[in-house]
**Q** 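What follows is a structure written as structure tokens; I'll ask about it next.
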2 protein chains.
Amino acid sequence: MLKLGLLSLLACAALVRAETGYDAWLRYAPLEGAALERYRLTVPAVVAVLDPSPVAMSARAEIVRGVKGMLGRTLREESSVPKESAIVMGTVAQLGGLIPAVTLAPDAFWLKSTTQGTGHFIVIAASNDRGLLYGAFALLRKITLGEGLANLDLRETPYAPVRWVNHWDRLNGTIERGYGGNSIFWENDHVRQDLTRVADYARLLASIGIDACSINNVNADPRLLTAEYTPEIARIADAMRPWGVRVAISVDFGSPQSLGKLDTFDPLDPRVAAWWKAHVDELYAAAPDLAGIVLKADSEGRVGPSAYHRTHADAANVVARALAPHGGLLFYRGFVYDHHMDWQNLKNDRGRAAYDNFHALDGQFEANVIVQIKNGPIDFQVREPASPLFGGLEKTNQAIELQVTQEYFGQARHTVFLVPYWKETLDFDMHAAAGDSTLKALAAGKTFHRPTGGFVGVVNAGLDENWFGNHLSQANLYGYGRLAWNPDLSSQKIADEWTRLTFGANPKVDQTITQMQLTSWRTYENYTGPLGLQTLTDITGDHYGVNVEASERNGWGQWHRADEAGVGMDRTVATGTGYIGQYRPAVADRFESLASCPDDLLLFLHHVPYTHRLHSGKTVIQYIYDSHYEVAAAVSAYVEQWKSLRGLVDEQRFNDVLTQLEYQAGQAVVWRDAVTTWFYRASKIADAKGLVDHYPGRVEAESMTLAGYTVRDISEPTPGRANGPPIVTPAEDASGGKVVACPTGAKSCTASTKFAGQPGWYTLRVEYFDQANGVAHYRAWVNGQAVDEWAADLRLPSIRLDSTTSTRRTIAGIALRPGDEIRIEGVPDGGEVAALDYLEIVAEK
Amino acid sequence: MLKLGLLSLLACAALVRAETGYDAWLRYAPLEGAALERYRLTVPAVVAVLDPSPVAMSARAEIVRGVKGMLGRTLREESSVPKESAIVMGTVAQLGGLIPAVTLAPDAFWLKSTTQGTGHFIVIAASNDRGLLYGAFALLRKITLGEGLANLDLRETPYAPVRWVNHWDRLNGTIERGYGGNSIFWENDHVRQDLTRVADYARLLASIGIDACSINNVNADPRLLTAEYTPEIARIADAMRPWGVRVAISVDFGSPQSLGKLDTFDPLDPRVAAWWKAHVDELYAAAPDLAGIVLKADSEGRVGPSAYHRTHADAANVVARALAPHGGLLFYRGFVYDHHMDWQNLKNDRGRAAYDNFHALDGQFEANVIVQIKNGPIDFQVREPASPLFGGLEKTNQAIELQVTQEYFGQARHTVFLVPYWKETLDFDMHAAAGDSTLKALAAGKTFHRPTGGFVGVVNAGLDENWFGNHLSQANLYGYGRLAWNPDLSSQKIADEWTRLTFGANPKVDQTITQMQLTSWRTYENYTGPLGLQTLTDITGDHYGVNVEASERNGWGQWHRADEAGVGMDRTVATGTGYIGQYRPAVADRFESLASCPDDLLLFLHHVPYTHRLHSGKTVIQYIYDSHYEVAAAVSAYVEQWKSLRGLVDEQRFNDVLTQLEYQAGQAVVWRDAVTTWFYRASKIADAKGLVDHYPGRVEAESMTLAGYTVRDISEPTPGRANGPPIVTPAEDASGGKVVACPTGAKSCTASTKFAGQPGWYTLRVEYFDQANGVAHYRAWVNGQAVDEWAADLRLPSIRLDSTTSTRRTIAGIALRPGDEIRIEGVPDGGEVAALDYLEIVAEK
């Protein structure tokens with residue numbers, strides 16, 4: 001490795017780096033042929049920066065790095081306008097007469113080509129250094145995307161002043177809802193010694209216009225406010241500062257008592273106020289440009305102002321007043337609800353909570369408080385209506401909280417591009433005022449002329465080489481940043497940009513990946529929670545696999561009220577919880593009436609019989625059936641589409657994504673079967689197409705000839721957990737409600753069956769269980785000939801035999817003849833019992 | 001990792017493996033599109049093997065693995081002719097009436113398509129199990145190469161019975177002349193515990209028809225014959241046996257005395273004969289199918305029969321008689337010469353040695369002795385005539401020894417495809433008999449109807465992931481095996497086969513790599529030793545860099561006799577050493593006369609003035625000048641040709657080879673400059689084209705403004721080695737005879753110069769020295785702007801400042817303006833002094 005530290009940027013650009021995904025959308029891959037010739041003619045040899053700030057130096061270095069990567073040329077770095085052609089970066093004042101005098105907003109930039117003497121100039125003008133940096137990234141993006149540089153005249157102003165990301169990293173280095181490895185910030189209860197990745201991450205954020213980042217979990221560790229962490233926080237701030245990214249922290253509201261030796265944390269107690277002021281002053285002494293503080297209070301077990309019968313405004317304001325002299329912002333999370341509600345009371349509704357808690361406080365918050373509101377009223381479900389609270393605050397700053405990490409979206413094991421979902425929400429008209437009262441305008445503070453507001457994305461980039469555990473999931477951070485900068489960009493435009501920046505300009509690659517991304521959310525929705533059912537996942541467990549009933553009969557309030565008679569949560573004013581009444585009339589009227597309520601939100605807002613007909617004419621139950629079969633096929637098609645890119649995408653990423661998509665295709669079948677089975681049993685209405693509950697070619701493991709394997713079902717508790725959940729839970733997670741398992745300690749077990757079909761080429765699909773408590777091994781045989789072997793070594797978040805661990809092995813190209821014995825052998829390991837659900841034998845075309 | 005060992009072949013085929021080069025030409029990459037469809041129609045679903053031997057099982061497994069890789073289908077393994085279509089493998093007798101009864105030679109195969117009942121069969125017939133294995137590889141090769149399988153009727157018989165490889169691995173795990181890492185066989189004076197790579201290597205050998213492998217250096221460690229090594233040798237034999245590769249060993253002729261407690265190793269002493277018999281019997285008890293023994297005696301310091309005034313025949317025969325009852329062969333190396341010859345005696349000639357030592361012994365060797373003769377009379381030089389000994393033995397078995405490892409061919413740091421060289425030698429007509437007396441026919445025993453004979457290749461595959469340290473060097477092992485099987489194959493055919501098997505079927509990739517390979521030997525010859533000069537390398541040192549005079553004034557006998565008056569070794573009968581008289585008259589007459597002697601061998605056979613005109617009309621000196629400039633440009637062109645394959649070759653191998661070729665392009669310039677400078681100084685004849693000794697754009701480091709750096713030249717001894725070689729040796733290895741070096745312990749040194757040319761884009765070439773005793777670091781600056789940094793971290797075999805360590809850094813795309821200061825900074829490390837030779841400033845197009 002190079003020992004010189006000074007030129008690390010330079011070195012990064014020069015080194016040949018494998019395509020691990022680390023560079024994400026900032027690859028600056030070499031241009032070739034006509035594109036190379038074209039830009040070599042139009043990009044001048046000099047880049048001059050008239051602003052001496054570190055951020056402007058980053059901007060200049062980025063131009064040098066990008067041009068070196070793409071054009072193979074090292075631009076001359078200068079600090080004044082040269083006599084020859086150049087890229088020139090500076091504030092409008094610094095640029096003198098090079099461009100007309102204009103007023104640019106903070107962070108805005110102007111890319112302008114102009115001529116002076118014999119020089120042709122590409123000018124990047126801004127009013128501050130971040131604007132120069134954003135302009136530099138925009139210019140490089142243009143080159144990567146093949147856009148012309150002649151007659152440049154592009155002015156961009158960020159839509160909202162607040163463009164933040166939140167991290168839910170714990171001080172011990174783990175991440176709540178992180179799917180790309182451990183924290184880049186923390187390890188062993190301290191800030192990591194090597195912050196190289198933090199700086200590289202800040203660069204990624206800067207490239208999409210993000211300017212602030214909170215670095216610890218909103219379920220905050222009180223220790224963060226002790227003195228020993230102050231210099232550590234400052235170190236992170238130092239690492240991100242050159243990229244114009246300011247650091248924020250999350251705090252625990254009980255800190256004045258738990259840390260401060262006070263006997264109270266009552267926000268109205270002057271000693272508490274003084275405590276906050278003293279601690280905030282200390283933080284700013286170490287890191288004067290801290291962006292602010294994020295506060296989660298009175299939510300999911302966190303203490304809050306209710307302990308003293310104070311309001312959320314009281315809580316927010318006491319911290320905000322400490323921050324105000326330093327220019328810091330206080331983000332108060334609107335995610336406040338009672339998770340011990342009585343599920344038997346049909347009038348109870350968690351969806352009402354945010355509005356009920358904050359609407360009445362409108363106008364009571366300090367000017368530097370922002371209420372941070374999740375996009376929907378529940379919790380990042382696969383589809384929710386826009387939260388009514390956005391339309392319910394006129395004298396309070398707000399920000400929309402979007403979850404970039406895919407908690408309820410397959411946890412980065414599934415490819416789900418969230419931009420189309422976010423776009424629908426951002427473009428939703430709340431009818432809150434006469435002018436523009438789309439959600440984005442409200443959040444950005446435009447509708448009611450608030451001093452601030454905007455966007456907060458929950459991101460959980462980790463130490464995995466590709467940051468997110470799935471290459472295609474990078475598009476969500478990219479898309480979040482682009483929307484926070486300009487929510488009027490189309491999903492198509494964002495997907496296309498990201499694909500070309502990340503995978504290159506090949507049109508087939510671009511088209512294939514873009515189409516996959518654009519349809520992926522709808523696809524995922526239709527196997528995990530169509531028609532507004534929310535995500536039919538295990539909400540009291542891992543938030544990953546299927547568990548239709550996990551939402552019911554508990555206090556968490558994510559009820560969909562599915563039973564034998566019908567399905568959906570009645571939130572109408574007329575007969576339900578009244579939630580719909582929280583919207584302005586124009587919205588409420590549309591939602592209240594079955595005739596006008598959109599199908600996609602139907603079961604979120606109404607309880608209907610299974611035979612209710614959608615606007616499409618299809619019944620609800622048939623839609624549930626059909627949609628699951630359609631999207632399981634769609635994910636299989638993604639696999640084939642991706643395979644067509646072999647040789648067009650670098651090998652490592654090609655193989656990584658292929659593995660991910662093949663896994664997802666299996667999971668879509670698990671979801672399909674579990675959800676349709678559950679609703680079929682509940683509704684007792686047969687599938688008009690005859691697909692549900694019929695599995696041609698499927699041989700249940702429990703019906704095979706077993707040696708060593710024993711049949712297990714919902715009647716048996718998990719071994720060693722007598723009062724725990726049954727070994728197979730819920731029953732519909734296993735085909736036929738049963739599995740076979742090989743006892744812990746057994747050498748191996750086998751399950752065999754005789755093939756009775758026509759001679760030909762077949763694909764075998766083995767549905768097995770990859771638990772988190774061991775690495776079982778499997779072998780497949782045909783007539784004693786080994787045809788496959790594999791290890792159950794995925795990182796899945798369950799030790800149970802359920803849909804989370806249910807995994808598909810596909811063995812293609814097997815020649816079967818009548819009478820052939822197909823045998824699966826499992827070798828258990830640790831607590832993993834090498835369980836099998838079924839074998840499927842599918843004729844190949 | 002998988003824990004199951006049973007199915008490792010299966011697992012290999014199924015796993016996604018990065019293109020590291022490990023699979024070499026046996027990648028079995030998935031076919032696509034029309035090719036896939038075509039073979040899916042013609043390859044049946046069953047592979048039946050009628051022979052139960054382990055080698056035949058390997059053949060069947062290989063068919064299954066290859067078809068699975070390429071077609072994505074797992075064939076059914078059977079053991080008798082099935083009723084349905086199948087690939088069927090067996091001996092002619094086992095196959096019954098499926099094909100006509102024919103007689104096949106050992107190891108030969110017959111691929112034949114036929115029909116019986118409703119079944120279509122692809123038959124692989126052979127007379128032994130190795131023949132089945134070779135037929136299996138041939139069938140798979142056909143599929144990879146896209147050749148049709150309809151109406152198959154291909155019979156192949158190996159040209160020679162002996163198709164061996166020799167390894168020069170030491171028991172401590174290092175390899176003499178190995179350039180791909182340490183030994184796959186040995187480590188820490190024992191056989192490695194994990195022999196997975198040995199088995200994989202045996203598979204590679206089997207795929208090209210190699211059937212025996214000696215596993216230790218011919219400079220043999222006597223310990224190998226102690227009892228503790230016998231089971232270890234047997235373990236290697238076990239690992240290679242399933243691939244039909246038998247193990248041989250090299251022994252030390254003095255062993256009966258040094259190990260056996262005898263007081264003699266006189267080959268005619270009965271106690272010595274008994275000793276050999278006892279030890280050979282022990283070896284065969286442990287490994288009954290050992291192939292034999294390799295013996296190097298009376299050569300380069302090894303003891304031999306001369307100690308007792310016995311003949312080489314006596315020496316060979318005493319060991320051969322011990323081997324005969326077991327069917328083992330004794331290879332006696334013909335590489336016997338005096339390395340203390342008087343260089344001042346113009347009649348002395350090492351080239352005569354092999355013939356002089358062995359010709360008179362013809363007929364005295366046992367029937368199981370093979371005299372192993374290097375292709376040329378010296379030692380694997382860049383060009384030598386065929387050794388006259390091949391034409392001088394009529395009653396003795398012989399084998400040609402070819403060096404696959406690139407000792408004098410750039411040591412795998414240069415790409416040199418040796419097949420065209422070998423082809424010239426093999427096809428050379430020795431005029432030794434009335435019939436076919438080409439060298440290949442003589443070596444194979446055809447000309448004089450010997451019982452055995454053939455090919456021995458010196459291979460030094462190592463632990464590097466790609467086996468050889470250079471992906472393109474794999475082609476030499478492939479080519480060696482293919483020629484040993486069928487020396488009538490053309491170089492073009494072999495290069496094309498290898499390229500398509502190794503890099504896929506893209507026509508541009510195929511054409512580009514094939515052309516590069518086919519011209520690479522001629523290219524390398526013309527910068528390292530044109531016109532039969534031998535390799536102008538440091539023959540007393542690392543055999544790698546340039547040292548024109550290293551061949552002279554010593555006893556090693558690789559003299560080219562270049563001086564002020566002329567150049568070349570007079571080997572004529574009329575006035576020289578008489579070497580030419582060792583050839584049969586038809587050859588000798590052609591070589592003796594300047595009028596008929598081929599230009600390529602001129603200076604190997606004749607001493608001529610520099611003004612001697614070649615058949616082309618050019619003078620010798622001008623040819624030396626021109627050829628060096630032409631091939632330096634040719635290697636630069638290889639780099640550009642390779643770059644045109646970006647995206648068509650997988651990333652890892654693309655980058656690896658690009659790095660290798662860029663390095664080689666720099667080395668070709670080092671050779672060019674050193675050789676032309678030396679001959680210009682010797683001959684005092686100016687280059688008619690004005691190129692030699694003129695280097696436009698070159699700024700010598702010693703003429704730059706130095707801070708810390710000091711000028712060093714041939715007048716100074718290497719620090720700490722007062723009696724050692726001068727610090728710069730020879731002088732022509734450094735441009736201008738001088739370098740600048742940064743004293744050990746200095747923090748850093750700089751060398752600067754002002755640019756005085758026209759404004760524009762330039763490439764900077766920094767010639768520096770990458771010694772083996774440290775990792776210095778360098779930075780390049782223009783006007784204080786860092787434009788590059790690198791580490792001198794190559795593994796090069798010298799600690800001196802010479803052509804071996806002289807290395808080029810190319811910094812492209814630098815915008816220079818008159819007056820710019822270009823500064824190179826060096827940071828020494830260990831004994832490496834961050835030395836610089838020159839800076840070259842080249843205008844870009």
Side-chain angles (χ1 to χ4, degrees), chain A residues 1-4 6-7 10-11 14 16 18-19 30 32 40 44-46 64 67-68 71-78 84 504 506 643-644 646-648 650-652 655 658-659 759-761 775 777 779 782-791 793 811-817 820 827 829, chain B residues 1-4 6-7 10-11 14 16 18-19 30 32 40 44-46 64 67-68 71-78 84 504 506 643-644 646-648 650-652 655 658-659 759-761 775 777 779 782-791 793 811-817 820 827 829:
Chain A
M1 289 299 294
L2 289 169
K3 288 202 296 189
L4 310 175
L6 290 177
L7 309 177
L10 194 67
V16 172
E19 293 285 10
E32 287 171 4
R40 281 194 165 188
V46 174
V64 171
V67 170
K68 183 167 185 176
L71 308 186
R73 287 181 163 172
T74 300
L75 300 189
R76 299 167 66 87
E77 296 176 345
E78 302 198 357
E84 63 174 300
N506 182 294
K643 282 181 180 172
S644 77
R646 190 189 299 275
L648 303 179
D650 55 281
E651 194 184 17
Q652 177 170 346
N655 286 328
L658 181 59
T659 301
W761 291 105
V775 179
H777 288 75
R779 284 181 269 207
V782 175
N783 288 346
Q785 176 182 352
V787 296
D788 198 16
E789 65 174 347
W790 67 96
D793 57 1
I811 311 170
I814 302 296
L816 294 180
R817 305 289 178 261
D820 281 351
V827 179
D829 176 68
Chain B
M1 290 297 295
L2 289 169
K3 288 202 295 188
L4 309 174
L6 290 177
L7 308 177
L10 193 70
V16 172
E19 292 285 9
E32 287 171 3
R40 282 194 165 189
V46 175
V64 171
V67 170
K68 183 166 183 178
L71 308 186
R73 285 180 163 172
T74 300
L75 301 189
R76 298 168 67 85
E77 296 176 347
E78 302 199 356
E84 63 175 298
N506 182 293
K643 282 182 180 169
S644 77
R646 191 189 297 276
L648 303 178
D650 54 281
E651 194 185 16
Q652 177 170 346
N655 287 329
L658 181 59
T659 301
W761 291 102
V775 178
H777 287 76
R779 285 181 269 208
V782 175
N783 289 344
Q785 178 183 348
V787 296
D788 198 16
E789 66 175 345
W790 67 96
D793 57 1
I811 312 169
I814 302 297
L816 295 180
R817 305 289 177 260
D820 280 352
V827 179
D829 176 68

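Chain letters run A, B, ... following the sequence lines, proteins first, then strands; residues in each count from 1.
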**Q** Minimum heavy-atom separation for A:V787 to B:K68, with atom names?
**A**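 Here A:V787 and B:K68 meet closest at O-NZ, 3.2 Å.
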**Q** Do A:E77 side-chain atoms and B:Q785 backbone N/O form a donor-acceptor pair below 3.5 Å?
**A**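 A pair under 3.5 Å: no.
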**Q** Within a strict 4.5 Å, meaning less than it, do heavy atoms of the B:R646 and A:P30 side chains meet?
**A**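 The answer is yes; the side chains approach within 4.5 Å.
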**Q** Where do A:L75 and B:W761 come nearest, in terms of heavy atoms and distance?
**A**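 Shortest heavy-atom contact: CD2-CH2, 4.1 Å.
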**Q** Between A:Q652 and chain B, which part of the residue has a heavy atom less than 4.5 Å away: side chain, backbone, both or neither?
**A**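 The answer is neither part of A:Q652.
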**Q** List the atom of B:R76, the atom of A:A815, and the distance in Å for their closest heavy-atom pair.
**A**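 Shortest heavy-atom separation between B:R76 and A:A815 comes out as NH1-O, 2.8 Å.
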**Q** Measuring heavy-atom distances to chain B, does A:N783 have an atom under 4.5 Å in its side chain, in its backbone, in both, or in neither?
**A**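 When you check distances to chain B, only side chain atoms of A:N783 fall under 4.5 Å.
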**Q** Is B:D820 in contact with chain A via its backbone, its side chain, both, or neither, using a 4.5 Å heavy-atom distance?
**A**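 Just its side chain gets close to chain A.
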**Q** Less than 4.5 Å to any heavy atom of chain B: does that hold for the side chain of A:L658, its backbone, both, or neither?
**A**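 For A:L658, there is no contact with chain B at all, as no heavy atom is under 4.5 Å.
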